[in-house]
2 protein chains.
Amino acid sequence: MQTQTENADDIRVAVSTVILTVQRTTSSSAPVLSLPLVRRTREPFYDQWALPGGWLNAHENLEDAAARTLRETTGLAPSYLEQLYAFGAVRRSPTRVISVVYWALVQADAVAETTATLHHQHDQENVAWFSAAQLPALAFDHADIIDYALWRLRNKVGYSRVAHGFLPPEFTLADLRETYESILGKHLDPANFRRQVEASGSLIPTDKFRTGAHRPARLYRHNSTVELADKGPLTPEETKTP
Amino acid sequence: MQTQTENADDIRVAVSTVILTVQRTTSSSAPVLSLPLVRRTREPFYDQWALPGGWLNAHENLEDAAARTLRETTGLAPSYLEQLYAFGAVRRSPTRVISVVYWALVQADAVAETTATLHHQHDQENVAWFSAAQLPALAFDHADIIDYALWRLRNKVGYSRVAHGFLPPEFTLADLRETYESILGKHLDPANFRRQVEASGSLIPTDKFRTGAHRPARLYRHNSTVELADKGPLTPEETKTP
DNA sequence: TTAATAGTGTCTCTGAGACAGTATATA
DNA sequence: TATATACTGTCTCAGAGACACTATTAA
């Protein structure tokens with residue numbers, strides 16, 4: 001932004017998004033951290049899986065571009081959206097591309113609904129969901145990018161309530177705990193988990209209970225007065241008091 | 001990186017760097033968190049202070065561009081360099097500019113040396129160092145960017161040893177503690193600070209002592225086997241084990 | 001009644017911080 | 001000797017985790 005070089009115009013800006021959800025394959029199985037990938041329809045990396053994304057429009061904010069490609073890919077709005085990193089190594093693509101990558105959380109039940117309805121709409125046949133633990137070969141440096149997004153998620157669930165973004169408006173403490181367990185890949189003590197969540201003040205108990213094969217569990221709602229997490233420099237209020 | 005729009009070429013990429021140091025105005029005063037700013041020599045924001053930076057060269061990595069502008073501004077190499085954020089709001093500049101911003105740490109004594117020698121070299125008269133607590137009016141959104149960089153620094157000193165990047169190879173525990181105090185803006189208990197630093201294993205005691213008006217203090221060196229901090233996705237080893 | 005999950009009580013361990021006390025230099 | 005800083009010892013408190021125990025439902 002100080003002196004201009006002759007080559008500045010040879011750089012293009014793309015925006016990609018790592019879209020994450022925690023979904024169950026069957027109603028009784030453990031939830032699995034999953035993400036959608038898009039099969040490329042042109043070179044380079046033709047026919048390989050890649051992160052959803054596209055070129056940045058000249059009159060479009062970065063975050064808007066991420067939300068747009070997310071909507072085009074999944075038909076969904078994110079419950080959480082944060083910039084991950086700007087990837088710009090010279091040789092990460094045959095042409096010079098700066099990819100500003102975002103990561104997003106979507107609700108599992110919303111995913112289930114839209115994949116049913118949108119399946120035969122526009123070009124949804126090039127989109128597929130994969131378990132984060134079993135990813136296919138990926139185009140560009142997208143495997144590294146996903147690794148970093150998963151690291152950021154696991155790190156952030158440790159000191160914020162981002163994981164709530166995976167859940168519907170009402171849920172049990174077991175739902176929330178299993179979400180954490182699938183993200184962190186380890187078992188959490190139900191008793192201690194309950195105490196920590198209750199002490200954080202991030203949940204509001206309802207009068208409803210979910211009945212099942214055993215003792216009914218109380219349903220909780222999110223406390224919207226508590227933010228999911230600090231989302232960076234563009235929401236100054238939260239960044240002041242981490 | 002999927003479908004191309006007609007407007008992609010109207011976007012330019014700049015790299016700016018928030019360069020931080022902790023320096024003493026006099027040898028007995030408390031150290032102060034400081035950073036260099038550059039007076040703009042053209043529109044927009046002509047004659048206003050701004051972050052050091054420039055357009056990204058087409059054959060240059062983002063981090064290399066940050067290190068280059070840092071060297072051009074201060075004559076120094078950073079002891080720590082990390083990407084801060086990609087700023088890309090449509091109206092943050094009259095023309096569409098994506099600024100990939102880095103933040104860097106430099107050693108206080110290196111700053112003192114180079115400002116003396118480089119003062120009358122190229123266009124160093126447009127560079128000045130300011131206390132982070134008393135910044136002038138700034139061009140573009142650079143005031144917000146600096147606020148965010150300072151928040152990131154204060155946050156990161158809490159869980160890593162980044163602050164060591166401000167210090168020369170040998171230093172006392174009081175030096176290190178005062179550096180932390182100037183960053184965090186609060187007093188730290190010398191006894192507890194010592195114990196925590198010793199327990200972290202990040203320091204190696206030497207046999208030398210710094211003599212002064214009172215009991216001599218032992219000099220320490222950095223333990224280079226312990227990284228300063230996780231620097232993002234480009235150093236995969238550290239990001240795996242946070 | 002049994003099995004399985006919901007939810008409570010309580011103990012231990014660890015790390016942060018407050019603060020008293022000892023050691024060693026210069027003036 | 002006085003004083004300021006270097007460095008050590010120890011107490012308290014809060015949060016994380018292990019784990020025993022009680023409560024409540026459906027089969």
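Chain letters run A, B, ... following the sequence lines, proteins first, then strands; residues in each count from 1. The analysis underlying the following values was restricted to heavy atoms, covering all of them including side chains, and did not include hydrogens, waters or symmetry mates.
- Protein chain A touches strand DNA chain C; the 5'-most and 3'-most nucleotides with an atom under 4.0 angstrom of its non-hydrogen atoms are C:dA4 to C:dT10.
- The two atoms that bring B:Glu170 and B:Leu219 nearest to each other are OE1-CD1, 4.0 Å, heavy atoms only.
- Of all the heavy atoms in A:Leu173 and A:Phe193, the pair that sits closest is O-CE2, 3.8 Å.
- Under the 3.5 Å distance criterion, with hydrogens and angles disregarded, a donor-acceptor pair is assigned to the side chains of A:Arg195 and A:Asn192.
- If you take OG1 on B:Thr73 and CG on B:Leu35, they are separated by 12.0 Å, rounding to the nearest 0.5 Å.
- Between B:His222 and B:Phe171, the ring planes lie tilted relative to each other; the angle falls in the 30° to 60° range.
- Contact check of residues 206-221 of chain A against DNA chain C (heavy atom, cut-off under 4.0 Å) returns A:His214, A:Arg215, A:Pro216, A:Ala217, A:Arg218.
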Go through the steps to decide whether A:Trp103 and A:Tyr148 satisfy the test side-chain contact (heavy atoms from CB on, under 4.5 Å), and finish with yes or no.
-> CA-CA 10 Å; A:Trp103 62 291; A:Tyr148 183 50; over 6 Å; no
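- Of all heavy-atom pairs between B:Phe140 and B:Arg92, the closest is CD2-O, 3.5 Å.
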Pair B:Glu227-B:Arg161, salt bridge (charged side-chain N to carboxylate O under 4.0 Å, His left out): steps then yes or no = CA-CA 8 Å; B:Glu227 265 307 315; B:Arg161 48 180 226 104; over 6 Å; no
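- Side-chain N/O atoms of A:Tyr85 and A:Gln83 include no donor and acceptor closer than 3.5 Å.
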Base versus backbone protein contacts along nucleotides 9-17 of chain D [heavy-atom cut-off under 4.0 Å; B, S, -] = BB-----SB
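- When the options A:Leu84, A:Val18, A:Leu62 are evaluated for a side-chain contact (heavy atoms from CB on, under 4.5 Å) with A:Tyr102, the one that passes is A:Leu62.
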